[in-house]
Amino acid sequence: MEREMTANASQSLTCNNGSESRIDPYGFERHHDFESYKEMMNEYVAVLNRRSMRWSKLLQEKPHVEKNLTGTSNQHTTVLFWCLLMLVCLCDVTIKCVLEVKRYVRKGVPNEHRARIWMAASGAQERLESNPAYYQSLLAMEHDAKLKETIHIDMHRTFPDNVLFKSRAEPSLQRALYNVLLAYGHHNKAVGYCQGMNFIAGYLIIITKDEEKSFWLMDALLGRMLPDYYSPAMLGLKTDQEVLGELVKAKAPAVGQLMAQYPGIWTLVVSRWFICLFIDVLPIETVLRVWDCIFYEGSKVLFRVALTLIIHNQPEILRARSLPDVCECFKQITCGAFTLDCHTFMQKIFTEPGSLSMATIDKLREKCRQRILEEESGHP
């Protein structure tokens, strides 16, 4: 099932001569910002090297736990499973370990460890090992014709600027992408396939290079971390947009007052942020750092990222004088040096918004969900 990335895309920045495209380590052609990206990466590589050495040391020093998931064989688990499992026993040493891993995740997971850490932190590894032939069985079953057609339509729209997803690439990741989306559509019939899922699956395949792992990470994200984001009613997505609005009122009141002038504004300006988990909104290195934290800490990270973008750019937002001005401003605040410098940006998301507990988010979600349901039913 592994789909290896081409060597020039996976190991180094590639700058071709003449009019040909410049390609980043993930296979994306960077027509206009290659020089700024290369400059950032030249500085960031030192950070990456330090993180890689520290993660390798951490994963070597912490003992692996033999966990019998299937009843027939023991499987090695990562340090994250060791930490999380032992936490149940209220062991002080393990609490220290969990805090250490959390700190490491926030500082960034090196690419060589990302698939392993994401799988462990999200519970996807446990699900995969508990259902060893499930993914293959989904691909082997008779497929719904409408589902197949809908997914096929989006194949050529998924990362047209990525050399790995071009139909003529060898090997092309389009087949892996199609398989993951088709399997997930049968696995979660309430969702099937929704636009936006193709980009998430594509990023997962780029990082894991494995269809089955990508499928189970999709299950973790869409089934447990972001429930009802992709269902036909998209109630979870609508709710979280409104939750962000409530958080902005509390943490950036002036922006909250401005946005209140435009009913439905949050759907216009942030729905793409949430439904694509910042893909094609923030630079790829920043998106992957955000995902490191989402897989470990959950959906509250989405609000930290959104709040940081808004709080950090309050002066620009407050200069907006019309609805088009607001929409254009929200496009612009995701670009530039602030978001490109992923290391500094990730430090900011855990400081600029201040305290943000899951209990607060859950309370706001309940309030906003109830309000949306009442509005849609026509009953106050």
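Because only heavy atoms are used, hydrogens play no part in the values below, and waters and symmetry mates are left out as well, while side chains stay in. Predicted model only: the values in this text are computed from it and were never measured.
- Take Glu297 and apply the salt bridge (charged side-chain N to carboxylate O under 4.0 Å, His left out) test, not counting sequence neighbours, and it matches Arg106.
- Not a single side-chain hydrogen bond (donor to acceptor under 3.5 Å, both in side chains) links Asp362 to another residue, sequence neighbours left out.
- Take Phe295 and apply the ring pair (Phe, Tyr, Trp, His ring centres under 6.0 Å) test, not counting sequence neighbours, and it matches Trp118.
- Residues satisfying the salt bridge (charged side-chain N to carboxylate O under 4.0 Å, His left out) test with Asp292, not counting sequence neighbours, are Arg114.
- Considering only residues two or more places apart in sequence or on other chains, Ser36 meets the side-chain hydrogen bond (donor to acceptor under 3.5 Å, both in side chains) condition with none of them.
- His156 is linked by a ring pair (Phe, Tyr, Trp, His ring centres under 6.0 Å) to nothing, counting only residues two or more places apart in sequence or in another chain.
- Checked against ring pair (Phe, Tyr, Trp, His ring centres under 6.0 Å), Tyr184 has the following partners two or more places apart in sequence or in another chain: His187.
- Asn313 is linked by a side-chain hydrogen bond (donor to acceptor under 3.5 Å, both in side chains) to nothing, counting only residues two or more places apart in sequence or in another chain.
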Considering only distance and modelled atom types, tabulate donor-acceptor pairs under 3.5 Å from the side chains of residues 302-310, sequence neighbours left out.
from, atom 1, to, atom 2, distance (Å)
Arg304, NH1, Ile349, O, 3.0
Arg304, NH1, Gly354, O, 3.1
Arg304, NH2, Gly354, O, 2.9
Thr308, OG1, Arg304, O, 2.7

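- Qualifying side-chain hydrogen bond (donor to acceptor under 3.5 Å, both in side chains) partners for Tyr203, counting only residues two or more places apart in sequence or in other chains: none.
- Applying the ring pair (Phe, Tyr, Trp, His ring centres under 6.0 Å) test to pairs two or more places apart or on separate chains, those with a residue in residues 315-352 are Trp273-Phe330, His312-Phe338, Phe338-Phe345.
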Please list every donor-acceptor pair under 3.5 Å in which a side-chain atom of residues 254-262 meets a protein atom from a residue at least two apart or in another chain.
none

